[in-house]
Amino acid sequence: METESNIKNFFRDKKLIPIVLALLTFLSCLFYFSGFAYAVVVDGKAIGYVKQQDEAAEAIKEAKDYIKKFYGLDASTADEVEYQRARPPKGQIMDKEQCKIAFLNGLDFKAHAACIYIDGKKAVALKDKAAAESTLDTIKTLLSGGDANASFKQKVEIKEENVAPGEVTQTDKAHDILLKSDKMTTYTVKQGDTLWNIAIANGTSADKLLALNKDIKETTMQPGDTVVLDKPQPLVTVVTKNVVTFNMPIPFEIESVGDSSLPIRITRVKQEGVDGSKKVQAEIVKENGVEVARNVLSEEVLSQPVKKIVRIGTNRTLASGIFSYPVTGVLTSRFGQRWGREHTGVDLAVAKGTRVKAADGGKVIFAGSCSGYGILVKIDHGNGYVTYYGHLSKTLVSRGERVAKGDVIALSGNTGHTTGPHLHFEVRKNGTPVNPLSYLSR
Ligand SMILES: [Zn+2]
């Protein structure tokens, strides 16, 4: 009863009513504000809600730890993160793990890296300057074959800057990018393949394949071997310059001298040529191992060349040893047996008055009439051969005259024993008639 009367007394005491109201207001406010949280705002855009700000700060740290673990890089962000008190939709409050993922997606994390620039263009990013330097050294060695005097043709710089962590590559990958070896196309040799059929099937040539595959020889090629079909040019060109000394031949010159004791166009070597020799000092410039220039710095002659001297015949009246047709005409009678008689030459049918030319250079030893031959010219070529030109209408040379090959010596006709106008042409070797067709050239 006493308790009951105390409550009655409590309410009777009107002084307590404001205190109770204040207490109720406080409790309802506490209930109302407990539904509030913080909107996480990145550069003006809400990426989610968290209950406590320090949870979000912890989540950013965990996101950085994740990048460190995954990429081995210290990441930072320049993004502005703000927290705004808000009443999130039901069930939208992120826990720490969700918040970390939201930050990884929503924040622009950057890592400090060393970027290799080629002619002002970023080629590849590495984790630090040492990695970038070692990458460039390796590329130099690979492209120059280990030459100590190697330098890049392009402007190659290392710039330290902040990049997206995913942009930073490992050194192996960086080599591939710079050498473009990831763009290389290859072919695996099958049973029965030859370099030639591989080239045809892949739209290239065997020569190109041999140049790209210095270690592969057709004879030793085995199924399963890899043949490089195409190798793109690396992004960088390594230039090497080396001074070398070597001996070089000095080619001899050829001097021609006219010689009237030789028939026209006949040549004789008067003196054999001998190459000279010189000691050359030159700077050899190579690009990616391929010589592109050879700059001669000095030359020292060790021995002078000896010129070759050739005598060239100028004497048109001496025999060349080769007979040409004296006229152009139809062969009407061959050398040899004819109607039971020996025909000592060939007959070439030509109209009367056709110009008859000396078959070779020589000396006229007869020009006049000669029974069956009619009007006849004989030329002694001075090499054991004499030619006869018969049944002429007129001679244009006289005995003792020297004639050149091709000179007009007479006009054809129909004199002597003939059945019609033609030229009888005869070749005698040491006095014996031989078949002119075996000697003639047109
Ligand atoms: Zn005849």
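One-based numbering, in listed order, for ligands and for the atoms of each.
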The Zn ion (ligand 1) to Asp347: nearest N/O/S atom name: OD1
Result for ring-ring contact (aromatic ring centres under 6.0 Å, His included) between Tyr388 and one of Phe366, Tyr373, Phe425 points to Tyr373
Tell me, do Asn383 and Leu318 make a side-chain contact under 4.5 Å, heavy atoms counted? no
For Leu209 and Leu229, what are the C-alpha separation, side-chain angles and deciding distance, and is it a side-chain contact (heavy atoms from CB on, under 4.5 Å)? CA-CA 6 Å; Leu209 292 185; Leu229 296 175; 4.1 Å; yes
N, O or S of Glu426 under 2.8 Å from the Zn ion (ligand 1): no
Of all N, O or S atoms in His424, identify the one at the shortest distance from the Zn ion (ligand 1). ND1
Would Glu55 and Ile93 count as a side-chain contact (heavy atoms from CB on, under 4.5 Å) if you check the C-alpha gap in whole Å, the side-chain angles of each, and the deciding distance to 0.1 Å? CA-CA 11 Å; Glu55 271 182 18; Ile93 291 179; 5.9 Å; no
Under 2.8 Å from the Zn ion (ligand 1), is there an N/O/S atom belonging to His422? no
